[in-house]
Visitor: 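Here it is: the structure, laid out below.
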Amino acid sequence: MLLDSSVTDPTDPQGISLYKLWLAGAAGGVASWTVSSPTEFIKCRTQLDSRPGASSWTVAKDIVRTLGWRGLYFGGAITCARDSIGYGFYFWTYESCKRLMAAKDDDAQQTAMKVLLCGGVAGVATWASVYPLDMIKTRLQAQGLGTHPEDQPLVRSQNDRRALNSFQLARETYRTEGLKAFYRGLGVCSVRAFIVNAVQWASYEWLMRYLNNPWNQTHAQVS
């Protein structure tokens, strides 16, 4: 049975409200958190580990031995917030930019440039929307947790020798370093995000067009 071409494809982003795209992206961010939270925690601890021969596997075993399996999700709440908000703005910005710049008379070169631009803008907008959360997450996960004797918290309150939680850390950072601390490094991160996401979205769009090309499908069936 052939599908009626006049019926709008519900999976086509052009036919979906922008707020629904944001919600779908946010839901995807929550789903990815189950993997991103422990892996980023292990990566962060490994990069700070000064022990000779320390590896990601060594750090992961230290965390599980000291904090249990739930310890792998230390900082998980703020990581989840960062991923959900970030992915929401990621897809929302990309689709908004595409709709704003769309034109029927564009040639292949103009289309390619617009895809690159929209992808880059989406990457920059994503990091700009969640950069303070990412900064707090990184500092939170970099604190000493007692997983080995050399552990020392990166940020401590002057009146409290314990490691800080997300809210305490944000308050202490603002008090001692000001608002600029929450956006330190955003410039170079934005440059990287623009380039990486421009290439990523361009590769995705061009590959999807190639795979959806009727000639390619017919040729594949014949061969």
Side-chain angles (χ1 to χ4, degrees), residues 13 16-48 56 59-60 63-64 67-97 119-145 147 153-157 160 162-190 192-194 196-197 200-201:
I16 302 176
S17 300
L18 289 175
Y19 84 90
K20 290 182 179 179
L21 286 172
W22 192 96
L23 291 175
V30 174
S32 69
W33 160 84
T34 58
V35 175
S36 67
S37 185
T39 53
E40 286 205 23
F41 183 34
I42 294 171
K43 180 204 72 170
C44 183
R45 302 301 303 179
T46 304
Q47 290 176 335
L48 294 171
S56 299
V59 171
I63 294 172
V64 173
L67 304 176
W69 288 101
R70 293 181 63 183
L72 292 173
Y73 284 87
F74 179 79
I78 194 167
T79 304
C80 183
R82 183 205 63 176
D83 288 353
S84 61
I85 295 172
Y87 276 108
F89 279 109
Y90 186 52
F91 291 99
W92 181 88
T93 304
Y94 179 72
E95 189 59 34
S96 296
C97 190
V121 170
V124 174
T126 298
W127 276 108
S129 67
V130 298
Y131 201 78
L133 291 176
D134 184 71
M135 186 279 293
I136 296 171
K137 179 206 73 72
T138 300
R139 291 196 176 193
L140 177 71
Q141 293 181 334
Q143 294 184 101
L145 301 175
T147 53
L154 179 67
V155 178
R156 280 175 171 166
S157 170
D160 191 350
R162 297 174 300 173
L164 308 178
N165 62 35
S166 297
F167 295 104
Q168 293 170 333
L169 196 151
R171 186 167 57 247
E172 187 73 11
T173 300
Y174 179 77
R175 187 183 67 81
T176 58
E177 303 176 55
L179 185 62
K180 290 183 178 180
F182 294 90
Y183 292 93
R184 189 176 298 143
L186 178 58
V188 67
C189 181
S190 297
R192 184 197 68 173
F194 186 94
V196 169
N197 288 281
Q200 177 177 286
W201 275 111

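For the single chain, residues carry numbers from 1 onward in sequence order.
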Visitor: CZ of F91 to OG of S96: how many Å apart, nearest 0.5 Å?
Guide: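 Here the rounded value is 13.0 Å.
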Visitor: Could you name each residue pair satisfying salt bridge (Lys or Arg N to Asp or Glu O under 4.0 Å) that touches residues 24-36, not counting sequence neighbours?
Guide: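 Of all non-adjacent pairs touching residues 24-36, none passes salt bridge (Lys or Arg N to Asp or Glu O under 4.0 Å).
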Visitor: Grab the two heavy atoms, one from S190 and one from V124, that are nearest each other, plus how far apart they are.
Guide: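 That would be O-CG2, 3.5 Å.
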Visitor: Do you know the tightest heavy-atom contact between A142 and L48?
Guide: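 Shortest heavy-atom contact: CB-CD1, 3.3 Å.
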Visitor: If I compare all heavy atoms of F41 with all of I63, which pair ends up nearest, and what's the gap?
Guide: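 Between these two residues, the closest heavy atoms are CE2-CD1, 3.6 Å.
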Visitor: Of all residues at least two apart in sequence or in a different chain, which pass the salt bridge (charged side-chain N to carboxylate O under 4.0 Å, His left out) check with R171?
Guide: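 Applying salt bridge (charged side-chain N to carboxylate O under 4.0 Å, His left out) to R171 gives none.
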Visitor: Throw together a table of side-chain donor-acceptor distances under 3.5 angstrom for residues 68-82, partners on residues two or more places apart or in other chains.
Guide:
{"unit_1": "Y73", "atom_1": "OH", "unit_2": "T34", "atom_2": "O", "d": "2.6"}
{"unit_1": "T79", "atom_1": "OG1", "unit_2": "G75", "atom_2": "O", "d": "2.8"}
{"unit_1": "R82", "atom_1": "NH1", "unit_2": "E40", "atom_2": "OE1", "d": "3.2"}
{"unit_1": "R82", "atom_1": "NH1", "unit_2": "E40", "atom_2": "OE2", "d": "3.4"}
{"unit_1": "R82", "atom_1": "NH1", "unit_2": "D134", "atom_2": "OD1", "d": "2.7"}
{"unit_1": "R82", "atom_1": "NH2", "unit_2": "E40", "atom_2": "OE2", "d": "2.7"}

Visitor: More than 12 heavy atoms of other residues, nucleotides or ligands under 6.0 Å from OH of Y87: yes or no?
Guide: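 No, not enclosed.
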Visitor: The criterion is side-chain contact (heavy atoms from CB on, under 4.5 Å); which residues satisfy it with Y19, sequence neighbours excluded?
Guide: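 Counting only residues at least two positions away or on another chain, Y19 forms a side-chain contact (heavy atoms from CB on, under 4.5 Å) with S17, L23.
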Visitor: List in chain and number order the residues that pass ring pair (Phe, Tyr, Trp, His ring centres under 6.0 Å) with Y131, two or more places apart in sequence or in another chain; answer none if no residue qualifies.
Guide: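 Per chain and number, Y131 pairs via ring pair (Phe, Tyr, Trp, His ring centres under 6.0 Å) with no residue.
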Visitor: Just jot down the side-chain contact (heavy atoms from CB on, under 4.5 Å) partners of A125, sequence neighbours excluded, or say none.
Guide: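 side-chain contact (heavy atoms from CB on, under 4.5 Å) list for A125, sorted by chain: T93.
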Visitor: How many angstroms lie between atom CD of Q143 and atom CG of N165, to the nearest 0.5 angstrom?
Guide: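 Q143 CD to N165 CG: 8.5 Å, rounded to 0.5 Å.
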Visitor: Search all heavy atoms of L140 against all heavy atoms of S166 and return the closest pair with its distance.
Guide: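 Looks like CD2-OG, 3.4 Å.
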Visitor: If we count only N and O atoms by modelled type, under 3.5 Å, do the side chains of K137 and Q141 hold a donor and an acceptor together?
Guide: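 Result is yes, a qualifying pair exists.
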Visitor: Sequence neighbours excluded, which residues qualify as side-chain contact (heavy atoms from CB on, under 4.5 Å) partners of F182?
Guide: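 Here the qualifying residues are P132, M135, I136, A170, T173, Y174, L179.
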Visitor: Partners of A193 by side-chain contact (heavy atoms from CB on, under 4.5 Å), sequence neighbours excluded?
Guide: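 Per chain and number, A193 pairs via side-chain contact (heavy atoms from CB on, under 4.5 Å) with W127, N197.
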Visitor: What is the minimum heavy-atom distance between I42 and S56, and which atoms define it?
Guide: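 The pair with the smallest heavy-atom distance is CG2-O, 3.6 Å.
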Visitor: Tell me, do F89 and W22 make a side-chain contact under 4.5 Å, heavy atoms counted?
Guide: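 Touching, per the 4.5 Å side-chain cut-off.
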Visitor: Which residues satisfy the side-chain hydrogen bond (donor to acceptor under 3.5 Å, both in side chains) test with W201, sequence neighbours excluded?
Guide: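 Y90.
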Visitor: Looking at every heavy atom in both Y183 and A128, which two are closest together, and how far apart are they?
Guide: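 That closest heavy-atom pairing would be CE2-O, 4.4 Å.
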Visitor: Which residue pairs pass the salt bridge (Lys or Arg N to Asp or Glu O under 4.0 Å) test with at least one member in residues 124-133, sequence neighbours excluded?
Guide: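 Sorted result for residues 124-133: empty, none.
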Visitor: Any salt bridge (Lys or Arg N to Asp or Glu O under 4.0 Å) pairs touching residues 17-28, not counting sequence neighbours?
Guide: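 Listed by first then second residue: nothing to list.
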